[in-house]
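One structure is given below, encoded as C-alpha cells.
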2 protein chains.
Amino acid sequence: MPFTRVEVAVLSLLEGQLCVLLIKRKEAPHKGLWGLPGGVLRIDLDATLEGAAQRVAQERLGAKLPYLKQLIAVGSKTRDPRSPWALSVVYRALIPITSIEPLPGKRIEAIRWAPAHEFDVDQKLAFDHQALARSALAATKIEIDELKLPVGFLPDTFTLTELQTLCEQLAGRALDKSSFRRKLKDRMMVEPVEGKFVGGANRPALLHRLKPNLD
Amino acid sequence: MPFTRVEVAVLSLLEGQLCVLLIKRKEAPHKGLWGLPGGVLRIDLDATLEGAAQRVAQERLGAKLPYLKQLIAVGSKTRDPRSPWALSVVYRALIPITSIEPLPGKRIEAIRWAPAHEFDVDQKLAFDHQALARSALAATKIEIDELKLPVGFLPDTFTLTELQTLCEQLAGRALDKSSFRRKLKDRMMVEPVEGKFVGGANRPALLHRLKPNLD
DNA sequence: TGACATAGTGGCTTAGTGCAACTAACATGT
DNA sequence: ACATGTTAGTTGCACTAAGCCACTATGTCA
C-alpha cells in the first residue's frame, strides 16, 4: 500500500492580496525548503479523507479549516524520496480575512504567506508543491468566473463592494460593477440586511448577507 | 497506510445510448452484486495512478483505455469491509463507438452495459459505486455543456451531425444544430477534410476532423 | 423529373455582458 | 448654508451569443 498523505493549500487575503500559506520544512527530505502543509493519513485517527485534512491542519497550523474542497489526488513512484510509492490527496481551504493567524506546529520551522503572483514564476518548493499550489489558485479562479461565491472568505455581513473586491482578488482581474450586481440579483445569491449601513466620509453601503443554501 | 484502489467508470455508446460498464463480482464482499471495475494499487507494478487504472482495466476487461480523466478520490473507514480504511481514486474513460468489446477478466463473473438512465433511480451496486457512476455521468454532462469535445469517443473523421448526436447523448438533451455548428466554427475546433463525403440516399455530409491541440 | 431525406446556412429574437454616464447619500471645509 | 469630494448604487446602450425556425442545397430513388 502506498505512503498516503493529505496536503492543504490554504488561501487567504493579506492586505488585499491573495496569498497561499507555505511552511518551512524542519526535517528531511527537502529540509529548509518551503512547501504546502500536509501530513500522513492516519487510519487510526482519521475517519474520512477530509477529516485527515482537518487533523493535519490542526496539528501543523493550530487552525480549523472550514470549506475544504478536494482538488485532486496525485501519486507515483517518484514523488517522495521517503517511500517507493507516494500518494497525496490535495485540498484547498479558504480562510476568512478576520481569521486567527495560523502558527507553526509540528515539524514546521516557519510559516509564510506567499502572494499569488509568486506562483506565476518558477520557484523551488518541496516535492511537487509548486504545481499543487498553482492548481489550487487556478481552481479558485475558475470558481469565481462561474460566480461561485467564496463562502469561506466572507464574514456574516458585507457590502457589495467588499464582495466584488474580494472576487476580483480571487479572479485576478477587474470585474464590472453593474454586471456583477445584476448577476447577484438575478440569481438571488445575496440579500440586504435591512437598515444596516457602514460607511466613512461618503455614502454608506447597505450590508448584505448570503442567501441560505443557494448556489 | 490505507487499502488503496483505483476504480474506473467506463462510458460508451451502445445503439445510440450512453452506457456505463458494470461488472458482476465473483468474490466477496458483495459477491454477485454489480459494480464498477477496479483493483488494488500495486506499488510494485504501477508507476503512476493513471498507470494503475490502465493496468486494472487491462486485467479486468482486456481493454486499453485512452483519455482517462481523474474524477475524485474517496476514502473512509467504512467504505470497504475488507479493510479498516479504504481509499479509492476514481477515473472515467470514454471508449470509441468502434472499440473492441471488453471481456470479463480476473474475478469478474460477467459484464454489462448499464444505460445512463438506470442511474437516475436507486439501484443496489457494490460499495459506493452508485454514487461514483453518477458523478462520472454528471462530470461528462458538464464537459459537453462547456463544449469540451468527447475526444475519446470520436473516430478520426466524422460528420458534424454524428458529432452533434454524440454530444446530445452525453449531455442528455437535444442541442440546436445551427448554434452547435456556429460554436464549432467560431472556436475553430474542427476542420473539414477536403473532398471527403459520406451519405446514403440523400445529400452527403462533409467529413471533419479535430483541429490539433485546441480546446 | 419530382418526391423525399438529410446537409448545411441565414435571419430574427432574446438574454447576458461590458462600458460609461448618471443619480444618491454621506462628511467635511469654508 | 453650500460647494466639494468620495463612494454607493442605478440606468441606458451597444455588442455578443444563444435558441428557434425557416430556408436552400444536394444526393437517391421511383
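Keep in mind the model is a prediction, meaning the values are calculated, not measured. Labels below follow one simple rule: chain letters A, B, ... track the order of the sequence lines, proteins then strands, and each chain is numbered from 1.
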Q: Take the protein atom CG of B/D186 and the nucleotide atom P of D/dT16, then report the distance between them rounded to whole Å.
A: 11 Å

Q: Would you mind reading off the distance between A/R181 atom CZ and D/dT11 atom P, rounded to a whole angstrom?
A: 12 Å

Q) Quick one: side-chain hydrogen bond (donor to acceptor under 3.5 Å, both in side chains) partners of B/D122, sequence neighbours excluded? A) B/R134

Below 4.0 angstrom, N of the basic side chain to O of the carboxylate: do [X] and [Y] qualify?
X: B/E191; Y: B/R209; value: yes
X: A/R181; Y: A/D176; value: no
X: A/R92; Y: A/E143; value: yes
X: A/D128; Y: A/R79; value: yes

What protein N or O atoms touch nucleotides 25-30 of chain C N or O atoms at under 3.5 angstrom, if any, and at what distances?
residue, atom, partner, partner atom, Å
C/dA25, N3, A/R203, N, 3.4

Q.
So that I know where these two stand, are B/H30 and B/F127 an aromatic pair - ring centroids less than 6.0 Å apart?
A. yes

Q) Checking B/R60 side chain against B/G38 main chain: does a donor-acceptor pair fall under 3.5 Å? A) yes

(Q) Given the structure, check if the side chain of B/R182 and the base of C/dG10 hold any donor-acceptor pair shorter than 3.5 Å. (A) no

Q. Relative to the 5' end of DNA chain C, which residue comes earlier, B/E162 or A/K183, by the nucleotide with the nearest heavy atom?
A. B/E162

Q.
Short of 4.0 Å, heavy atom to strand atom, which residues of residues 173-180 of chain A count as contacting DNA chain C?
A. A/D176, A/S178, A/S179

(Q) Tell me whether A/R112 forms a cation-pi arrangement with A/W34, defined as NZ or CZ under 6.0 Å from the six-membered ring centre and within 45 degrees of its axis. (A) yes

